[in-house]
Amino acid sequence: YLSMPFNAEDASLLKQSLSDDNVTTLKSDLKDEIEKYKLNLTKKKITINDERVNSLEEARIANFLFINGIEYEYEPVYKYSFKDTIKPYCPDFLLKQDDKEVYLEHFGISESGQNYRFTPEELKDYKKHINDKIKLHREHNTKLIYTFSKYNDGRDLIDDLKIKLEREGFKLNRKSDKEIYTNIVATAEDKYFTKLVQLICTFINRFKVNNYKASKFDEGRISSKDERT
């Protein structure tokens with residue numbers, strides 16, 4: 001059940017299945033291949049580390065961190081929660097290097113506080129959540145840096161992130177093309193099993209976050225009539 005079965009007698013489905021294997025060569029320059037691969041993954045909101053993130057901008061951030069040798073954890077559970085909810089707070093990233101630990105939030109609005117996709121009410125709520133997150137970190141003395149989707153002076157979010165990381169003492173040690181591609185190949189070779197493992201890990205994490213007991217799993221198993229599920 002790692003991939004959906006198809007009817008091998010159907011020529012169009014067989015062709016599609018073979019096309020999905022993404023067989024490629026390395027005839028062109030390795031750097032160009034890596035850039036194309038990064039762009040392709042980012043469009044799908046998947047990182048070089050094969051993590052599925054919530055936005056294209058988060059994918060860009062994660063890839064920048066990986067390529068520049070900064071260890072990160074995506075959406076870790078923060079040890080403190082907001083007072084008005086039992087749902088845990090999960091910042092976008094936790095960055096680590098040597099003895100430094102810094103949280104990173106990416107806010108999907110412009111530096112001036114605008115986003116055309118939000119209604120005025122949604123934008124008001126979003127800004128409130130931003131302020132609440134900043135206050136929570138201040139209350140518990142944890143370091144927080146943040147980026148925006150768009151900046152008043154037109155600079156790119158990665159340029160802003162780079163400045164803030166260096167200000168916090170992080171060193172950018174770019175990986176070699178070989179290191180980057182080795183990671184890509186390893187992930188691609190094991191993509192089906194990796195996705196299965198990630199699915200199980202995500203399930204366990206959500207299960208714990210919601211404080212479910214073992215009986216809850218049994219309930220789900222009994223109620224599901226589909227073998228694959």
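Atom-to-atom distance recorded for Phe148:CZ and Leu157:CG is 11.5 Å, nearest 0.5 angstrom.
Both the sub-6.0 Å distance and the 45° axial angle are not jointly satisfied by Lys127 relative to the ring of Phe107. Phe64 does not carry Lys162 over the face of its six-membered ring by the limits of under 6.0 Å from the centre and within 45° of the normal.
Within a 6.0 Å radius of CZ in Arg155, other residues, nucleotides and ligands contribute more than 12 heavy atoms. Under a cut-off of 6.0 angstrom, the local environment of NZ in Lys143 is sparse, with at most 12 non-hydrogen atoms contributed by other residues, nucleotides or ligands. The environment of CZ in Arg138 is sparse: at most 12 heavy-atom neighbours from other residues, nucleotides or ligands sit within 6.0 Å.
Thr142 and Tyr80 share no donor-acceptor pair across their side chains, judged by distance under 3.5 Å alone. In this structure, a donor-acceptor pair under 3.5 Å is absent between the side chains of Tyr126 and Asn115.
Proximity of a side-chain donor or acceptor of Glu58 to a complementary backbone N or O of His106 within less than 3.5 Å is not detected. Of the possible polar contacts, one joining the Gln198 side chain to the Asp50 backbone as a donor-acceptor pair under 3.5 Å is found. Distance alone, capped at 3.5 Å, is enough to place a donor-acceptor pair between the Ser223 side chain and the Glu219 backbone.
Annotation: side chain of Tyr74 is in contact with side chain of Val53 (closest heavy-atom distance under 4.5 Å). Two residues are said to be in side-chain contact when any heavy atoms from C-beta on lie closer than 4.5 Å; Ile109 and Phe118 meet this criterion.
Applying ring pair (Phe, Tyr, Trp, His ring centres under 6.0 Å) to Tyr89 and the options His137, His129, His140 leaves one that passes, His137. In summary, of the residues considered (Lys96, Glu51, Gln97), a side-chain hydrogen bond (donor to acceptor under 3.5 Å, both in side chains) with Tyr72 occurs for Glu51 alone.
The pair Lys87-Asp84 fails the salt-bridge criterion, with no side-chain N (NZ, NE, NH1 or NH2) lying under 4.0 Å from an Asp/Glu carboxylate O.
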Fill in: side-chain contact (heavy atoms from CB on, under 4.5 Å) between Leu95 and Lys100, intermediate numbers included
CA-CA 8 Å; Leu95 315 182; Lys100 293 183 289 295; over 6 Å; no
